[in-house]
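First the structure, in the form of structure tokens, and then the observations on it.
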Amino acid sequence: MITGKTKVLAVIGNPIAHSLSPVFQNAGIKAAGLDYVYTALPVNNDDLAAAIAGMKAMGFCGMNVTIPHKERVMDYLDAIDEDAKVLGAVNTIVNRDGVLTGYNTDVKGFINGMKQQGFSPMGKQAVLLGAGGAARAIIWGLIQEKVAGLTIGVRNVAKVQPLVDYFAQYMPITLLDWQTGAFEQALSQAELLINATPLGMYPKVDAAPPVNWTKVKKGIFVYDIIYTPAETLFLRQAKENGCQVLNGEAMLVGQGAESFRLWTGVEPDTKVMTEALRQALTQGK
Ligand code: NAP
């Protein structure tokens, strides 16, 4: 029951009504028996400073931040965590006695999903398909986990070069056109293959990134960060090739679970959160 003592959490963005975070965060809160409530609040660009000041004034415990505020919100916070600094984006704010600290939980969200399946990227050859907004957290996560090598395959190398140059200060990354023989060679060495393109996402479920599966080793770990549908064509192809697979529910719930830990200090039940997400996604179709 919500009372005068209930602690308040929210996600801000614009648009925000479609956000699934309230669904799985409130499921996690209920499962943990905590007196918190999590809602979604639309905030316009011009109102961002006022919204953050309001968060402080009204004693919100924490917030998630999504598009279009992830970068600009950093200007209004008191401190920024290392991952968020490297990525130049905050998706989580923690309010500790009026001091607002910004975090980026996408990094651990991405990595923890794999680890929960018993797969560690450390020392592995990783191949990443696509390099847009979500890929930044993936690249930084893989670097921190000390992968042995990272190859990124894209359709437009020139566009992605600045991103690879930025991360070169932490680790050399090979950037290749995914239509080339050099990319097929990298694919044949991969022990971890990740799709960070929207190819195969609902409603265009017949699409998939151009992977020559005859080159891919059997039994490698294949991770698609898409979560609608739960099984993309890419993941189906991976399964048919004897690979271990994971879909994007893991990253979505994983980033939320990491925010939950930061706000409450409590370990969330990610199974309950994933179930709530899956149910909402099924009902939404
Ligand atoms: P984005 O910024 O648009 O980047 C997408 C990447 O895929 C870019 O490299 C883009 O290349 C490439 N791409 C897009 N359409 C393509 C096409 N038709 N053919 C070839 N390449 C194409 O998107 P994002 O925000 O990174 O998100 C990517 C996917 O991840 C989406 O499906 C999104 O729903 C999902 N996602 C999941 C989570 C999660 O928590 N599970 C979190 C974030 C995102 P160009 O730059 O050349 O267009």
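Both ligands and their constituent atoms are indexed starting at 1 by order of listing. Sequence positions, counted from 1, serve as the residue numbers for this chain. Treat the numbers as computed from the prediction; the structure is a model and nothing was measured.
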Run the contact test for Trp178 against ligand 1 with a 4.0 Å cut-off on heavy atoms, strictly below, and give the result.
yes

How many angstroms lie between CG in Asn26 and NZ in Lys30, if you round to the nearest 0.5 Å?
10.0 Å

Look at the rings of Tyr170 and Tyr166 and say which category their plane angle falls in: under 30° parallel, 30 to 60° tilted, over 60° perpendicular.
perpendicular

May I ask you to identify the nearest protein heavy atom to atom 2 (O) of ligand 1, giving residue, atom name and distance to one decimal place in Å?
Gly133 N, 2.8 Å

Less than 4.0 Å from atom 19 (N) of ligand 1, is there any heavy atom belonging to the protein?
yes

Just need the protein heavy atom nearest to atom 48 (O) of ligand 1, so name the residue and atom and give the distance.
Arg155 NH2, 2.8 Å

Quick one: sort the Trp263 and Tyr38 rings into parallel, tilted or perpendicular, breaks at 30° and 60°.
tilted

Option set Pro198, Gly254, Pro209, criterion heavy-atom distance to atom 5 (C) of ligand 1, minimum
Pro198

Heavy-atom distances under 4.0 Å decide this one: backbone, side chain, both or neither, for Ile225 against ligand 1?
both

Return a yes/no value: protein heavy atom under 4.0 Å from atom 44 (C) of ligand 1?
yes

Would you indicate whether Asp206, at its atom CG, is surrounded by more than 12 heavy atoms from other residues, nucleotides or ligands within a distance under 6.0 Å?
no

Please report the interatomic distance CD(Gln125) to CG(Leu187), rounded to the nearest 0.5 Å.
12.0 Å

Taking atom 25 (O) of ligand 1 as the point of reference, which of Ala134, Ala196, Gly130, Gly132 owns the nearest heavy atom?
Ala134

Return a yes/no value for Leu199: is any of its N or O atoms, backbone included, closer than 3.5 angstrom to an N or O of ligand 1?
no

Shortest protein heavy-atom distance from atom 34 (O) of ligand 1, along with the residue and atom involved
Met201 SD, 3.4 Å

Looking only at distances, can you tell me whether any N or O atom of Leu252, backbone or side chain, sits closer than 3.5 Å to an N or O atom of ligand 1?
yes

With a 6.0 Å cut-off (strictly less than), is the heavy-atom count around NZ of Lys7, excluding the residue itself, greater than 12?
no

Under the rule for side chain to side chain contact (heavy atoms under 4.5 Å, CB included), what residues qualify as partners of Ala50, not counting sequence neighbours?
none

For residues 145-165, the side-chain hydrogen bond (donor to acceptor under 3.5 Å, both in side chains) pairs (sequence neighbours left out) are Lys115-Glu145, Gln161-Asp165

Are any of the N/O atoms on Lys159, whether in the backbone or the side chain, positioned under 3.5 angstrom from an N/O atom of ligand 1?
yes

Do Asn64 and Ser259 get their side chains close enough for a donor-acceptor pair, meaning under 3.5 Å?
yes

Provide the number and element of each atom of ligand 1 under 4.0 Å from a heavy atom of Ile226.
32 (O)

Out of curiosity, is Val154 lining ligand 1, as in a heavy atom under 4.0 Å away?
no

For Phe221 and Phe119, take the angle between the two ring planes, folded into 0 to 90°, and tell me which bin it lands in: parallel under 30, tilted 30 to 60, perpendicular over 60.
parallel

Between Gln255 and ligand 1, which residue portion shows a heavy-atom distance shorter than 4.0 Å: side chain, backbone, both, or neither?
neither

Distance from atom 9 (O) of ligand 1 to nearest protein heavy atom, with residue and atom
Ala131 N, 2.8 Å

